[in-house]
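Have a look at the structure below before the remarks.
Heads up: numbering here begins at 1 and tracks the sequence. Each ligand, and each atom within it, is numbered from 1 in the order the structure gives.
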Amino acid sequence: MAFTIAIDGPAAAGKGTISRAVAAHFGFAHLDTGLLYRAVGRKMLEGTDPTEAALALVPEDLQTEGLRTADVGIAASRVAVIPEVRAALLDFQRAFARRDGGAVLDGRDIGTVICPEAEAKLFVTASAEVRARRRFEELVAGGAETDYQTVLNDTRERDHRDATRADAPLKPAEDAVMIDTSKMDIDAAVAAAIAAIVSRGATAGEGTA
Ligand code: DC
């Protein structure tokens, strides 16, 4: 049985944590699609042409260390504006979405472009200040040397680039359920996500992934 859950939203809104918790709850497989763009961004930083890198991408590239750094995040948002890169990553994402046993994909354009037929769609957001604070704390906990203002500026720059690009800009699908996590803790956000997905017909433990 295929059942696709599309979870979109800006950076550091809580999508990743919610997606992993939702996948575990329903027994579905999970794909963080940002990692695809990060892997291509990383290859661009190493000198490979981004479209060539996207066409040659293999699942093992997603396991590479260092994909979650701030520099790779910025490179990812740069390669994500290139239509040929987005096109090269489309089939991989669609095949994952329709796998047997159910799938959760999180990203920016899952409900709008990759899986417009997804059975459940969520748009997870939070204010830029709250997201920058969370990302800053994550980076510092991971040993990075940075300051809040730099992270807030990066967050706004990436939001702007993601929302204004011509191809697949970040925006909620018309039938997405909106979840604003600015004032929610993670348990409340996960509970809201699960309730919204159950209302679209998924039942816990139905996946085989
Ligand atoms: O979610 P993230 O921070 O790992 O995403 C990194 C970049 O990749 C982000 O700035 C925009 C891009 N991206 C995208 O364009 N489409 C997706 N489905 C996922 C990520």
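Nearest protein neighbour of atom 3 (O) of ligand 1, counting heavy atoms only, is Arg158 NH2, 2.5 Å. At the shortest separation from atom 8 (O) of ligand 1 among protein heavy atoms lies Tyr37 CB, 3.4 Å. With hydrogens left out, the protein atom closest to atom 10 (O) of ligand 1 is Ser77 CB, 3.0 Å, a heavy atom. Nearest non-hydrogen protein atom to atom 19 (C) of ligand 1 is Thr33 OG1, 3.4 Å. Ranking protein heavy atoms by distance to atom 12 (C) of ligand 1, first place goes to Ala80 CB, 3.7 Å. Protein heavy atom in closest approach to atom 9 (C) of ligand 1: Arg108 NH2, 3.4 Å.
Residue contacts with ligand 1: Arg86 is included, with a non-hydrogen atom under 4.0 Å away. Using a 4.0 Å cutoff on heavy atoms, Arg165 counts as a contact of ligand 1.
Among residues at least two apart or in separate chains, salt bridge (charged side-chain N to carboxylate O under 4.0 Å, His left out) pairs with a member in residues 111-128 are Arg98-Glu119, Lys121-Asp175. Counting only residues at least two apart or in different chains, salt bridge (charged side-chain N to carboxylate O under 4.0 Å, His left out) contacts with residues 26-37 comprise Asp32-Arg68.
Each of the following atoms of ligand 1 lies closer than 4.0 Å to a heavy atom of Ala76: 6 (C), 7 (C), 8 (O). Taking every heavy atom of Gly34 and a limit of under 4.0 angstrom, the matching atoms of ligand 1 come to 4 (O), 5 (O), 19 (C), 20 (C).
Nearest to atom 4 (O) of ligand 1 by heavy-atom distance, out of Arg38, Glu157, Arg161, is Arg38.
Salt bridge absent: Arg134 and Glu129 never bring a charged side-chain N and a carboxylate O closer than 4.0 Å. By the 4.0 Å N-to-carboxylate-O rule, Asp8 lies too far from Lys171 to be salt-bridged with it.
In summary, the side chains of Asp71 and Thr69 do not present any donor paired with an acceptor at a separation below 3.5 Å, with no hydrogens or angles considered.
Although no hydrogens or angles enter the test, the distance criterion places no donor-acceptor pair under 3.5 Å between the side chain of Asp109 and the main chain of Thr112.
Taking all atoms of both residues into account, the shortest heavy-atom contact from Ala163 to Pro169 is O-CB, 3.4 Å. What you find for Asp100 and Ala2 is that their closest heavy atoms are OD1-N, 4.3 Å.
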